[in-house]
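Okay, so here's the structure we're looking at.
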Amino acid sequence: MDQQNHLSARLVVDDDFEVGAVQDRLFGSFVEHLGRCVYTGIYEPGHPTADESGFRQDVIDLVRELGVTTVRYPGGNFVSGYRWEDGIGPKDERPHRLDLAWHSTETNEFGLHEMAAWLAATGSNELMEAVNLGTRGLEEALDLLEYANVPEGTELSEQRRANGAEKPFGIRMWCLGNEMDGPWQLGHKSAEDYGKLAASVAAGMRQIDPTVELVVCGSSSHDMPTFGAWEQTVLEKTYENVDFISCHAYYQPQRNDDGTRDMASFLASGVDMDGFIKDVAAIIDATKARLKSEHDVFISFDEWNVWYQGEEPSKVPEGIDNWPVAPHLLEDVYSAADAVVFGDLLITLLKNADRVHAACFAQLVNVIAPIMTEPGGPAWRQTTFYPFSATARLAKGGTALEPKLASDPVCTSRYGEVDGINAVAIRCADGTLAVFATNRSLKDSCEFEIKVPGTVCAVEANTLHDDDLFAANTLQDQERVVPHTNDTATLDAASGTIRITLPPVSWTALHVR
Amino acid sequence: MDQQNHLSARLVVDDDFEVGAVQDRLFGSFVEHLGRCVYTGIYEPGHPTADESGFRQDVIDLVRELGVTTVRYPGGNFVSGYRWEDGIGPKDERPHRLDLAWHSTETNEFGLHEMAAWLAATGSNELMEAVNLGTRGLEEALDLLEYANVPEGTELSEQRRANGAEKPFGIRMWCLGNEMDGPWQLGHKSAEDYGKLAASVAAGMRQIDPTVELVVCGSSSHDMPTFGAWEQTVLEKTYENVDFISCHAYYQPQRNDDGTRDMASFLASGVDMDGFIKDVAAIIDATKARLKSEHDVFISFDEWNVWYQGEEPSKVPEGIDNWPVAPHLLEDVYSAADAVVFGDLLITLLKNADRVHAACFAQLVNVIAPIMTEPGGPAWRQTTFYPFSATARLAKGGTALEPKLASDPVCTSRYGEVDGINAVAIRCADGTLAVFATNRSLKDSCEFEIKVPGTVCAVEANTLHDDDLFAANTLQDQERVVPHTNDTATLDAASGTIRITLPPVSWTALHVR
Amino acid sequence: MDQQNHLSARLVVDDDFEVGAVQDRLFGSFVEHLGRCVYTGIYEPGHPTADESGFRQDVIDLVRELGVTTVRYPGGNFVSGYRWEDGIGPKDERPHRLDLAWHSTETNEFGLHEMAAWLAATGSNELMEAVNLGTRGLEEALDLLEYANVPEGTELSEQRRANGAEKPFGIRMWCLGNEMDGPWQLGHKSAEDYGKLAASVAAGMRQIDPTVELVVCGSSSHDMPTFGAWEQTVLEKTYENVDFISCHAYYQPQRNDDGTRDMASFLASGVDMDGFIKDVAAIIDATKARLKSEHDVFISFDEWNVWYQGEEPSKVPEGIDNWPVAPHLLEDVYSAADAVVFGDLLITLLKNADRVHAACFAQLVNVIAPIMTEPGGPAWRQTTFYPFSATARLAKGGTALEPKLASDPVCTSRYGEVDGINAVAIRCADGTLAVFATNRSLKDSCEFEIKVPGTVCAVEANTLHDDDLFAANTLQDQERVVPHTNDTATLDAASGTIRITLPPVSWTALHVR
């Protein structure tokens, strides 16, 4: 429909208009006992790079490079049937269990202690632990918190010490179950019943450790039939005792009627994520008003990504005799286009930094992940690795500025006309400026102008784009898609104006000094 | 009131009008840990006929003769306080437990493994296992299913193998608790709360084994104050995840105002059972329509019988110090009249073979049972044994035909005028024809005419009747009441007409070749 | 405001007007695992007076002198996180646990067996045991009851015997959780949810022992926002299966706007308690009528006292590393005025002897208690000891008579005009007469006239009063405040008239022979 050959867009950067501080936790990830995320992902004894704990150093190096902060663990759907005590104590005494969520066998070789040690090995990332509110409830959640955080002198804290962790793990962030609104969830509950249980568990956990930060389950997607009503009921019952409500969202190209993929809408996925955040924020505010509360609840967007959920088997085939260990599951191979969407979602999170105080892309390794591994072989970066690592490096510790953005529109069948360019400006921790931008157009490049305040002397720009939208990094061709310097970037220092051409379906980071 | 001396009735058999296939599971029974059903019933180490497992061979022989298929186990009310793991492992380490349902002590000598082995010894009957949703919930139900059905490789499946069952039990049918609508039930719940729990357990169990067939609790009797509303609420919450909803019904003669027994109404008990089935079927259909479901739910009539519930102590006298092992409980002695009612109920189940896909008379041995035993002594057949064994032998594998029946009425105070004759025709697996009929009249014999299609050459008829309605089989007189050949049966092969005289209060099986 | 110098009041004693028998259980107390109530309170191995079980004999002597009957145990808020099995078996194998209610470490050195033995040592007081309905539910409550009350032959009863208690404890009274209406309670529930759980637990416990007397939780105070609605909902669900509904009330002087204490209202606290009882009685009666029940439910006022709850730290400071064993908590030092209020509350309970069939002042030792101890040192009587011991001694086994009382009023800001004198007459077990009276006026003495029936020949009067309202008994001055003979008491035997002067802020016991 759209015949133009060039989009144009303009962003005005003004430090007087802040959205808010960018929380470190916005750069969280997620390690679930699912497929090969743990086993042959972060943990593979015998791998050439593995240390004595079985941690793959090649993966740790990539995780450090990626810039991940908080890591959510151990699920996900997995947690709703998990018995945390299965994963502690001598490894050879740990039980093998059915994992109903992913139709696998969980060997429990890797558990809480291993996760804590692995996080330390990556450079002290923060652990975000989930309790099982599917098959379990209050008592087991309290036991786990005691085990993890009480220094010493009680049955469970002494058990932890006997298991080798003399110091408590000091876990601050806790998820009160996972996606309890989802009918697929083991122990799925109504909003009313989940709200009551979560309120009770939250209150109890605070009696042990009032400093914990608690995440109550919001909706598993913006499209859930219970969306909105779920948030309202759950917040009504838990508001004072929780610090976050979660959002989960996965995006993929939908199929058009003719079987082709609706890439235009897919590239605008950030529009949906933005609306999701705004909707939940409104429900938070309304609840706060109704309860006359002084307390603030933020959003933990603790599962987000591109996921070709409808396009590949997401589970081991059913069958009472088919419970593999660490099967290949959800090993999506990401394209250049996927990376652009991924970067666009990150921009969207940053633009909502006042409401989104934590976020975890899902997941870290192998399972819809930016890092892939070959058992016994190498580890490499998927396309989505690059937008994340660049954004984390520049934005961490910074302040998101209000995006004064004017952009030509592009048309999508799902969202109608949307901004062709999505962008956010970050005042970095070191005083420099970063701008992240995507061009969502499928065929048109964009002349993008950025008006920056004060004195600037240099601009660097890196753009991820491939003429083949579906180009990807694979074991065989691990660096097929990487960002390149965008030489079109020019700075008119006098007027504080930057101009850059953004190719279609591209993601760009600009660093302005 | 009724002065006539002869009833007449006519049944037209037409293979073009089928009700449906007779499911093998219609001939199920029930073994509960109650009184002497298990201990000194099917299991009595040291009995002269017992094998090395303690299984009485005399009982096994009678069970085979009876023709029982599926056996429901281990309860009944018993299951609502049962911990399945008490009944596994070395026998001398199994705990003795209070059985609150029957105020007894459960020694746990007999458990899941023994039941499976016993069923194999009887000729591979099917086990229908119940999970405890009284004192327990989701996690324990999943554990039991894993223990029973997962081949190997997990904690619980390996525990089963270590306990001697290398192959999984492969249990298909599972009851989601027992009679949870009954205030007497340990852990009794509202329809709303039970429905939510059952839905959650059903979904979880299917995540382990999607091939299980699940029975959700319906009403404990047609007379429950919550009948109907219970089914509606429970099905609304569980419909897609269950395969059966249960019905339970027990019948006995009520007392008239003058203290005599209302035998006329008692003989027409099938009328109530038929109405119960029709009512539940209507609620199933309405739910299916409302939910726009493609899925079918059938009726599991998994407790039915004559039971003199009001007339004898059903429980050990209360008392904190009185918890006997395997006490004499519910050892009803059945009369000729009881056998006729029992046969009539079986006919009613067959007539509803399209909706009732499973049924279990309760119970198999000693406890309101067709088979009685003396500890250390003989086993014998109660009157009810005969209608069951004959019906099972002829009808199993057959097809129930629509009963085109015209019968003179008899009067009952409870049900008004009802058909004096109840009858059903079955096209047998071998192509022959079986007709089962009861004469419900207390004093009038009946001229019964059956019009059969095609070419037939012979008819055999066996009738159970005793001039003394209350005649029974006892230890002393084990064959007082048995069926006899009914010599009044005549066949007019030319017209395909059978004529037979059915004495009052009688049950008859005709086999037509 | 009030300028008069003398109040006057008149009590007519008439045996034809009975309120009802004074239940022994009205003189109950409460031992919670809280602060030093158990540890260094009733139990202190190594104390000079301790026996081989570690029971302090000095405390036992005072408990006997106090005249306590039923003792509620082990909580209180403590019980909502308690695992009863932690407190049985070899002491050196018992786990140390977090006590979330009081932010302490529970060593479990003292448990059910110790409590039973201690009660025996005090002269066979009755144990009133609470089950945990906070973190636990039906199964654990049944297990505890089996352990405690089943004579022998089952897993848990044999475990009790192996732990040294060959005979069952035979516990009659059981609390179905504690203060489940309080948001501070671990596992706090809605009235609806608690009512359902309590009904289920009550029904189950009666299946083990139909003679148990069950106390369902009422409101934690008359001022709870859910008061009334809570009782109505909970009784609706549990009425037929419970014997008592609980009331809890603590009183303290509120602060006036100028910071002074509102002693006038405080002295009239009995007015609130009386209203509380009347309100709950009305809800009981309404429920009984609505359910057309034949069953009676009484009030168990199982926590009551003066408690300076707002004035001192009630909990160990929060902190994940601060979980002391038996810290100093709630060690209120009671004044002469407190003792008068305490005595007034006792009078109020006696006046409602028809509805209040059990009551427990909270607590017995050290924790808002009449008995204080020094670790390694002496034990002594607080001011509140005296009204209790005298009332228990005279009223136990007696009959409360309807209080035909006419009193000049005193003014209070909280309750308006109230009777200056509160009094009750008890026909004692030995046929003598006891009258208990408080003068609630802050400055006026009262001429109190009592008209007694029949022939009387002597009166003794003891009054607790101190010119310093705030005088108290302490370690240093253990008998600063004690009752003294009131010499103003005169008897006119001819007319059956007793006259006595009651000083302001005083409590008096008269014994008439």
Side-chain angles (χ1 to χ4, degrees), chain A residues 85 131 133 136-162 166-172 174 189-190 192-213 233 236-241 291, chain C residues 77-87 89 92-108 132-140 177 180-194 196-197 314-327:
Chain A
E85 68 277 15
V131 301
L133 297 188
R136 297 185 143 193
L138 175 56
E139 196 170 47
E140 298 92 343
L142 298 180
D143 283 351
L144 173 54
L145 178 55
E146 176 185 336
Y147 185 88
N149 283 12
V150 169
E152 62 186 339
T154 68
E155 187 72 5
L156 292 168
S157 56
E158 291 298 330
Q159 195 182 341
R160 182 199 69 239
R161 298 176 77 210
E166 188 168 320
K167 298 284 178 199
F169 297 123
I171 304 171
R172 292 273 69 75
W174 294 82
K189 288 170 184 62
S190 70
E192 177 85 11
D193 287 344
Y194 170 67
K196 290 192 283 193
L197 176 61
S200 168
V201 173
M205 290 179 75
R206 288 199 188 289
Q207 287 192 321
I208 293 181
D209 188 348
T211 71
V212 291
E213 298 176 54
T233 301
E236 185 84 26
K237 296 194 173 296
T238 62
Y239 193 84
E240 292 295 333
N241 265 327
L291 300 180
Chain C
N77 297 342
F78 172 77
V79 84
S80 291
Y82 185 54
R83 314 179 204 215
W84 65 268
E85 67 277 16
D86 285 350
D92 54 2
E93 295 172 15
R94 298 187 191 171
H96 289 209
R97 295 281 187 198
L98 295 181
D99 166 12
L100 302 191
W102 306 108
H103 214 278
S104 308
T105 297
E106 172 56 49
T107 64
N108 283 306
N132 172 356
L133 297 189
T135 55
R136 299 186 142 194
L138 175 56
E139 196 171 46
E140 299 93 343
M180 299 309 298
D181 64 324
W184 60 84
Q185 198 73 203
L186 202 57
H188 164 57
K189 288 171 183 63
S190 70
E192 178 83 11
D193 287 343
Y194 170 67
K196 290 193 282 193
L197 177 59
S314 69
K315 235 169 91 170
V316 172
E318 286 178 343
I320 191 71
D321 54 0
N322 188 27
W323 302 90
V325 173

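Lettering of chains follows the sequences in order, A, B, ..., and the numbering in each one begins at 1.
Annotation: maximal heavy-atom pairing with chain A below 4.5 Å, among C:His103, C:Glu106, C:Lys189, C:Arg136, occurs at C:Arg136. When A:Pro210, A:Ser157, A:Gly204 are compared by the number of non-hydrogen pairs under 4.5 Å with chain C, A:Pro210 comes out ahead. Between chain A and the residues C:Asp193, C:Thr105, C:Thr107, the largest count of heavy-atom pairs under 4.5 Å involves C:Asp193.
With a threshold of 4.5 angstrom between heavy atoms, A:Asn241 does not approach chain C through any atom at all. For chain C, no part of A:Leu197 is nearby; none of its heavy atoms comes within less than 4.5 Å. Proximity to chain A is limited to the side chain of C:Trp323, based on heavy atoms less than 4.5 angstrom apart. Within the 4.5 angstrom heavy-atom criterion, no atom of C:Asp86 approaches chain A.
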Would you check, one step at a time, whether the test side chain to side chain contact (heavy atoms under 4.5 Å, CB included) holds for C:Arg97 with A:Thr154?
CA-CA 5 Å; C:Arg97 295 281 187 198; A:Thr154 68; over 6 Å; no

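Of all heavy-atom pairs between C:Gly187 and A:Ser200, the closest is CA-OG, 3.7 Å.
For the side-chain contact (heavy atoms from CB on, under 4.5 Å) criterion with C:Leu100, the lone passing option out of A:Gln207, A:Arg206, A:Met205 is A:Gln207.
With respect to A:Glu139 and C:Arg83, a salt bridge is recorded, a charged nitrogen being found less than 4.0 Å from a carboxylate O.
At a threshold of 4.5 Å between non-hydrogen side-chain atoms, the residues A:Leu142 and C:Leu98 do not count as touching.
Distance check: C:Ile320 CD1 to A:Asp209 CG gives 4.0 Å after rounding to the nearest 0.5 Å. Rounding to the nearest 0.5 angstrom, the gap separating the OG atom in C:Ser190 from the CD atom in A:Glu192 is 8.0 Å.
Side chain of C:Glu318 to main chain of A:Thr211: no donor-acceptor pair is present (N/O by atom type, distance under 3.5 Å, no hydrogens or angles).
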